Amino acid sequence: MRISTTMEAIKTDEIHLRHVETDVLIPKMMREKAKEICVEKVEAFNHCCKDSGFLMVLKCREQNAALKECLTIHYKDPAFFELCKQEYIKEKIEFLTTGVATKNRKQKLPTSM
């Protein structure tokens with residue numbers, strides 16, 4: 001396997017990322033991770049919206065503002081971007097090495113009984 005030996009020699013800081021990776025895919029990962037970190041505020045906003053129906057625009061301003069603030073803190077954090085970038089690069093290397101996407105790799109493996 002020529003590709004696996006090549007990929008093992010490459011370090012995460014030596015990987016060249018395409019424009020779409022830095023501007024779309026890594027920010028998408030940041031949004032997903034930020035929602036996990038801000039889970040309490042996401043749940044509070046969702047709960048408010050479900051309870052308020054059409055009046056959610058008026059009734060859920062406080063929850064929306066809290067959620068936006070929490071998410072924006074993470075979106076603007078360069079260290080958080082770097083963390084997500086490194087995780088993305090590791091996933092990319094893993095895919096190039098194994099040919100198996102992360103979402104497929106994380107599926108539960110069958111166990112023998």
Side-chain angles (χ1 to χ4, degrees):
M1 286 197 160
R2 183 176 161 87
I3 198 164
S4 65
T5 56
T6 305
M7 293 312 296
E8 289 170 5
I10 297 175
K11 294 190 171 125
T12 57
D13 56 343
E14 296 173 354
I15 294 283
H16 173 73
L17 296 173
R18 298 171 299 155
H19 172 70
V20 71
E21 292 172 311
T22 57
D23 293 348
V24 178
L25 298 175
I26 294 173
K28 179 182 175 187
M29 179 182 279
M30 290 175 71
R31 282 191 300 277
E32 292 167 359
K33 288 190 167 298
K35 285 180 184 175
E36 291 172 9
I37 294 169
C38 302
V39 69
E40 292 174 7
K41 292 176 176 48
V42 170
E43 289 175 358
F45 180 68
N46 287 341
H47 182 70
C48 180
C49 289
K50 286 178 186 173
D51 290 346
S52 302
F54 291 112
L55 297 174
M56 72 178 150
V57 174
L58 301 171
K59 290 187 173 183
C60 302
R61 287 182 181 171
E62 185 179 319
Q63 292 85 346
N64 187 28
L67 175 59
K68 271 187 182 177
E69 181 182 352
C70 183
L71 294 174
T72 302
I73 288 169
H74 296 292
Y75 295 160
K76 293 183 176 182
D77 182 5
F80 188 64
F81 177 83
E82 191 61 32
L83 176 80
C84 292
K85 177 181 163 185
Q86 294 303 317
E87 185 175 329
Y88 176 82
I89 290 171
K90 286 178 185 175
E91 288 178 7
K92 181 177 180 174
I93 290 171
E94 184 87 18
F95 173 74
L96 292 173
T97 304
T98 64
V100 179
T102 302
K103 63 182 177 183
N104 295 336
R105 208 173 33 253
K106 289 183 178 178
Q107 289 178 351
K108 188 176 178 180
L109 296 174
T111 57
S112 54
M113 299 210 155

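Computed from heavy atoms alone, side chains included, the values below leave out hydrogens, waters and symmetry copies. Everything numeric in this text was worked out from a predicted model, so none of it was measured.
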[Y] reachable from [X] in the ILVMFWY side-chain graph, under 4.5 Å edges:
X   : Y   : value
V42 : F80 : no
L71 : M30 : no
I26 : I73 : no
I37 : F45 : no
L25 : L17 : yes

If I take atom [atom1] from residue [X] and atom [atom2] from residue [Y], how far apart are they, to the nearest 0.5 angstrom?
X   : Y   : atom1 : atom2 : result
S52 : L58 : OG    : CG    : 9.0 Å
K90 : Y88 : NZ    : OH    : 15.0 Å
R61 : N64 : CZ    : CG    : 10.0 Å
L55 : C60 : CG    : SG    : 9.0 Å
C48 : E62 : SG    : CD    : 9.0 Å

Exercise. Counting heavy atoms not belonging to E40, are there more than 12 under 6.0 Å from its CD?
Worked result: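 Not more than 12 within 6.0 Å, no.
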
Report task. Could you pull out the closest heavy-atom pair between K33 and C84, with the gap in Å? Result ->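 Result for this residue pair: CD-SG, 3.6 Å.
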
Least distance between heavy atoms, A34 atom then Y75 atom:
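Heavy atoms of A34 and Y75 come nearest at CB-CE2, 4.0 Å.
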
Within-4.5 Å side-chain heavy-atom neighbours: [X] and [Y]:
X   : Y   : value
K41 : Q63 : no
V39 : K35 : no
R31 : H74 : no
K76 : T72 : yes

- Task: Could you tell me whether K92 and E21 have a side-chain N and a carboxylate O separated by less than 4.0 Å?
- Result: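 So K92 pairs with E21 through a salt bridge.
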
